[in-house]
*Asks:* 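This is the structure, below, for whatever I ask next.
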Amino acid sequence: MPVRRRPIITLTTDYGLEDPYVAEVKAKILSLVPDAQIVDITHMIPSFDERRGAFILLTATRHFPRGTVHVCIVDPKVGTDRRGIIVSTRLGHTFVGPDTGLMWPAANASGIIGIYEIDGSRLPPRTSETFHGRDVFAYVAAKLAMGVRPSRLGRRVDCMARVEFFGPKISNGWLNAELMHIDKFGNLITNISKESLTMLGPTSGKYEVELLGHRYILPLCKTYGDVPPGSMLIVFGGTGFLEIAVNMGSAAEATGARVGERIRIRREQASPC
Amino acid sequence: MPVRRRPIITLTTDYGLEDPYVAEVKAKILSLVPDAQIVDITHMIPSFDERRGAFILLTATRHFPRGTVHVCIVDPKVGTDRRGIIVSTRLGHTFVGPDTGLMWPAANASGIIGIYEIDGSRLPPRTSETFHGRDVFAYVAAKLAMGVRPSRLGRRVDCMARVEFFGPKISNGWLNAELMHIDKFGNLITNISKESLTMLGPTSGKYEVELLGHRYILPLCKTYGDVPPGSMLIVFGGTGFLEIAVNMGSAAEATGARVGERIRIRREQASPC
Amino acid sequence: MPVRRRPIITLTTDYGLEDPYVAEVKAKILSLVPDAQIVDITHMIPSFDERRGAFILLTATRHFPRGTVHVCIVDPKVGTDRRGIIVSTRLGHTFVGPDTGLMWPAANASGIIGIYEIDGSRLPPRTSETFHGRDVFAYVAAKLAMGVRPSRLGRRVDCMARVEFFGPKISNGWLNAELMHIDKFGNLITNISKESLTMLGPTSGKYEVELLGHRYILPLCKTYGDVPPGSMLIVFGGTGFLEIAVNMGSAAEATGARVGERIRIRREQASPC
């Protein structure tokens, strides 16, 4: 059996860290691929929050090397007739999980070249329908990591479900976008990439940011320490996306913003004389 | 020295994730077995809660392959005269930890074939009596993973301490059991296995569940999505045990139940005409 | 390329467990060293708290074997002109991270033999200045784990920044020290080592501990269970440092103490007749 050397399998779930669920997924994988290099992306996705999971997957998975298998599970409809899928990409990544749209942004950014609906009849019989993370997706991920082709585990299909984010799009000179995630430091992370921001012209200088009805004039900085401690700024952070931040502080506390808010941004306007 | 290839060692503790303790256990293991595949089951057992740890171990460990060594530490009496033990089982698992009963349910389910009291005189000298997780059990687990026989690390004994759960047992047509764990999704997990539920006859249809003085008529479903969002159900979940759940919601919030409650369940009674 | 077998790389950060940051660091390491044995020491250092990180590193890193590379990141000044450094030690450990003093206590205890300022011109070009944990330190750690010498990644320098703890020092018969950390069990962990406590004479018997204006007469015990449940004691805990503890309880709750408090301790005084 052609086992690659220490295949990397990542796990992204809403299972949390107090329950036995993550360990059961790993047990299943290691039973089949004892050498697997399993990496937890996070298990702290808010329960059932596919949009949050989709954003975390988009930012984290692209840093892994070719050949990585990503198990992606936020699965409120486990055991119903929602499909399980495998998605292979041009950059050499493979995504496995329920077809709830969760993996769409990451897979799409990686260049989708094949989508396969997992065929339950090719898997071991299940005694439970509540834990496909362990009984279906861990098994499939292990098989893929062992070199089994997706076409051996399911049939090729044409489409998959999609979580889509709002914008970024230009309207009346404003770039409209969404607040996707608030990180541990209180940084407010949007879905505005560097490329998106160029829709407003050269990316430098000051910007006007509207959030929760307030307008902030903020400098676009290279890093947090470019402004004094306690000052607010915008910066492309570790996710690759634009974030509203406070140097040595929490923009979440400063603004009261929550994930899911719409935000808009434009270049600073010249003041009337 | 006969080192097996990438032996799997699992860790289940109440050490939490903020302190250096888990890393020190891993450092000790890796110093002896650099190739170990170490899997965290959980470190979030409530402090000193042996019953909770026992239940997590029971549900998680059985999914690991033969040859796995399970380090199990909830150890309020560390450094006193409580024994440290090694338990080997028919299914090829080995449990290591303080003899506080914590590992009893999991080891028993795996078929105990030998219990050994760890002999401190066969271990390196200790400078501390407060951290046997690192100084005793990590060392012993590493040695076992290297292929050392339990009889080389201690002497065979006849018994071990036991954490026992309440029930499940039939009384007056009710199956009495215990609420063992509430998971991240708010599912109320009992100690009723599929086999136990057959004490009430064929496992299907509706059941009457009594919890905290309230009675609920609940359908036994295959999965959460078999009822509408917000509706309550009973289902055999990822642990293999019966749980009271709310589809897309939290049964813990809906009922106010806490771990340790007694529950009882019977088949739905025909209404009087 | 001379890759050692399964090099150990530890990670200590304030990144938390909900964001994609830790996984991105691991992705970078595994892209270069697929066989790395990556160990999370903790990612729960309070944001920007270099002193806390320094103490955790001091206690955890010394248990790892020779050859371990420790990535140490609490980095409020990321992307500014603060240096990145590599520190190699007599005990065979290598520390990598921002030169903010964080790694000083651990590196110093391990016997510093070389300090190197990382030379950005020897690294791949960066597109971001906000995430040196991934773009600089993970890369450097992976190279070091592959056997690249520090001198190939930077130039030797004479000094590094230092986080220093308060005391322990004797004044008027009291040993003055600092409360460094409160662990998950509520143990109050000081920076008093066994060696430090000998400044007060033989280490046994009872001690007077002053904390937040209160004085406690506490026995120095070998382990928690040497006093009845609910009783307070002092003990050298799993960190190797003296801690104020309550058997089966929380000294943090019992005293209201917080990290950073000064404490002082002396031998119990004979009562006046």
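Letters go in sequence order (proteins before strands), and every chain restarts at 1.
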*Asks:* Given heavy-atom pairs under 4.5 angstrom as the criterion, report whether the side chain, backbone, both or neither of C:Leu57 touches chain B.
*Replies:*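 Neither; nothing under 4.5 Å.
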
*Asks:* Can you measure from CZ (B:Phe95) to CD1 (B:Ile115) and round to the nearest 0.5 angstrom?
*Replies:*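 One finds 12.0 Å between CZ of B:Phe95 and CD1 of B:Ile115.
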
*Asks:* Assess the pair C:Phe185 and C:Tyr224: is the distance between their ring centroids shorter than 6.0 Å?
*Replies:*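 No.
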
*Asks:* So if I take each residue of residues 248-256 of chain C and look for any heavy atom under 4.5 Å from a heavy atom in chain B, which residues do I end up with?
*Replies:*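 Against chain B, the residues of residues 248-256 of chain C that fall inside the cut-off (heavy atoms, under 4.5 Å) are C:Met248, C:Gly249.
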
*Asks:* Quick check on C:Asn247 against chain B: is it the side chain, the backbone, both or neither that has a heavy atom closer than 4.5 Å?
*Replies:*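 Looking at C:Asn247, just its side chain touches chain B.
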
*Asks:* Does any heavy atom of chain B fall under 4.5 Å from the side chain of C:Phe64, the backbone, both, or neither of them?
*Replies:*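 Backbone plus side chain of C:Phe64, per the 4.5 Å heavy-atom cut-off to chain B.
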
*Asks:* B:Glu117 and salt bridge (Lys or Arg N to Asp or Glu O under 4.0 Å): which partner among B:Arg122, B:Arg83, B:Arg156?
*Replies:*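 Output: one option passes, namely B:Arg83.
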
*Asks:* Please state whether the rings of B:Phe165 and B:Phe55 are parallel, tilted or perpendicular, taking 30° and 60° as the class boundaries.
*Replies:*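 B:Phe165 and B:Phe55: perpendicular rings.
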
*Asks:* Which residue out of B:Ser31, B:Pro76, B:Ala27, B:Ala23 racks up the most heavy-atom pairs below 4.5 Å with chain C?
*Replies:*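 The option with the most such pairs is B:Ala27.
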
*Asks:* With chain C, which of B:Glu18, B:Glu129, B:Lys28, B:Arg82 has the greatest number of heavy-atom pairs at distances under 4.5 Å?
*Replies:*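 Between B:Glu18, B:Glu129, B:Lys28, B:Arg82, the count favours B:Glu18.
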
*Asks:* Please enumerate all residues that pass salt bridge (charged side-chain N to carboxylate O under 4.0 Å, His left out) together with C:Asp226, with sequence neighbours excluded.
*Replies:*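 C:Asp226 satisfies salt bridge (charged side-chain N to carboxylate O under 4.0 Å, His left out) with no other residue.
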
*Asks:* Select one option (side chain, backbone, both, neither) describing which atoms of B:Val78 are under 4.5 Å from chain C's heavy atoms.
*Replies:*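 Contact with chain C: backbone and side chain both.
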
*Asks:* Given a strict heavy-atom distance threshold of 4.5 Å, which part of B:Asp135 is in contact with chain C: side chain, backbone, both, or neither?
*Replies:*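 Nothing of B:Asp135, per the 4.5 Å heavy-atom cut-off to chain C.
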
*Asks:* If you count heavy-atom pairs under 4.5 Å between each of C:Thr223, C:Ile56, C:Ile45, C:Leu17 and chain B, which one has the most?
*Replies:*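 Option with the top pair count is C:Thr223.
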
*Asks:* Does either side chain, that of B:His43 or that of B:Thr13, offer a donor lying less than 3.5 Å from an acceptor on the other one?
*Replies:*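 There is such a pair (donor and acceptor under 3.5 Å, judged by atom type) between the side chains of B:His43 and B:Thr13.
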
*Asks:* Relative to chain C, which of B:His132, B:Gln37, B:Arg134, B:Lys77 shows the most heavy atom pairs under 4.5 Å?
*Replies:*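 Among B:His132, B:Gln37, B:Arg134, B:Lys77, the one with the most close pairs to chain C is B:Arg134.
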
*Asks:* If you count heavy-atom pairs under 4.5 Å with chain C, which of B:Ala36, B:Gly133, B:Ser128 comes out on top?
*Replies:*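 Greatest number of close heavy-atom pairs with chain C: B:Ala36.
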
*Asks:* Between atom CD of C:Glu243 and atom CG of C:Leu233, what is the distance when rounded to the nearest 0.5 Å?
*Replies:*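 CG of C:Leu233 is found 8.0 Å from CD of C:Glu243.
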
*Asks:* Got a second to check how far C:Ile263's CD1 is from C:Asn191's CG, nearest 0.5 Å?
*Replies:*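 Taking CD1 in C:Ile263 and CG in C:Asn191, the distance rounds to 8.0 Å.
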
*Asks:* Taking all heavy atoms of C:Ala138 and all of C:Val25, pick out the closest pair and write down the distance.
*Replies:*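 Result for this residue pair: CB-O, 3.7 Å.
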
*Asks:* So do B:Val136 and B:Leu123 actually touch side chain to side chain, heavy atoms under 4.5 Å?
*Replies:*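 Yes, close enough: below the 4.5 Å cut-off.
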
*Asks:* Any sub-3.5 Å donor-acceptor pair from C:Thr190's side-chain atoms to C:Leu242's backbone N or O?
*Replies:*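 Checked: pair present.
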
*Asks:* Less than 4.5 Å to any heavy atom of chain B: does that hold for the side chain of C:Ile189, its backbone, both, or neither?
*Replies:*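 Interface part for C:Ile189: side chain.
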
